Every structure is written in structure tokens, then in C-alpha cells.
Amino acid sequence: MKFADVTLERGATQDRDLFDWFQDVAITSSVLGLNDVHYMRNLDIVQQDRYGTTFRRLWLSWAWPVKFVAGDWDNEPDKNVIEFVTLTYDFFEHIQ
């Protein structure tokens, strides 16, 4: 059984956790040629409305990032930089 990869987008933040995770996976796979199970994670993807109410939650099993795009750099203060990350995973469950 194969599942389609999931691509998420968010406004750029100072939180480096997602980028650091991607970088760890990229370095490990380039050196070893494989994905180390230590970098696979079980995680929730939570979709909320503008008021913060959760209306959908997906649980991904053994997920790891396969692509990270930092977004177009723009020096205009009213523009938001959007980051994209694509995750692959072994299994998912629709929780809510």
C-alpha cells in the first residue's frame, strides 16, 4: 500500500524545529544513503479555522521530510515568506 506525500505550508517563523529536522534527515541520507529510523516521527497535522477551532486532525505514522522550500525572499515589510515542507509517511489515520 502506498500513500501520497503531504505538503504543508506556513508563514516563516523564527521556530527552527521543522527546518532542523529536515536538515538532519538530509545530512543523514546524503552520508548513509538511507533514512535513519531515528529521524522518523509520529505526528499530528491539525487544521484549524481562523478562530483556532480544530475541525480536522490527521495522525501520520513514521513520517519524515523529503522536501523543504524556504519560499521567495522579499524585503518588503508587508509580504510574508511562506515555507513548504513535504512529508512522506508509512501510514495515516483520520482522527477528527
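Because the structure is a prediction, the values reported are computed rather than measured.
Closest non-hydrogen pair, Val6 versus Tyr89, comes out as CG2-CE2, 3.5 Å.
Checked against ring-ring contact (aromatic ring centres under 6.0 Å, His included), Phe84 has no partners two or more places apart in sequence or in another chain.
Taking hydrophobic clusters as Ile, Leu, Val, Met, Phe, Trp and Tyr residues chained together by side-chain heavy-atom distances below 4.5 Å, Phe91 does not share a cluster with Val46.
For residues 18-30, the set of pairs meeting the salt bridge (charged side-chain N to carboxylate O under 4.0 Å, His left out) definition, not counting sequence neighbours, comprises Arg16-Asp20.
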Let me see the working for Glu9 and Thr7 under side chain to side chain contact (heavy atoms under 4.5 Å, CB included), right down to the final yes or no. CA-CA 7 Å; Glu9 66 180 86; Thr7 299; 6.0 Å; no

Verdict with reasoning, Trp64 to Asp90, per side chain to side chain contact (heavy atoms under 4.5 Å, CB included): CA-CA 9 Å; Trp64 67 94; Asp90 287 346; 4.1 Å; yes

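Distance check, rounded to the nearest 0.5 Å: CG of Leu87 to CZ of Phe3 gives 14.5 Å.
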Check residues 54-63 and write down every donor-acceptor pair under 3.5 Å in which the side-chain atom is one partner and the other belongs to a residue at least two apart or another chain.
from  : atom 1 : to    : atom 2 : distance (Å)
Arg56 : NE     : Gln47 : OE1    : 3.0
Arg56 : NH2    : Gln47 : OE1    : 2.9
Arg57 : NH1    : Asp44 : OD2    : 3.2

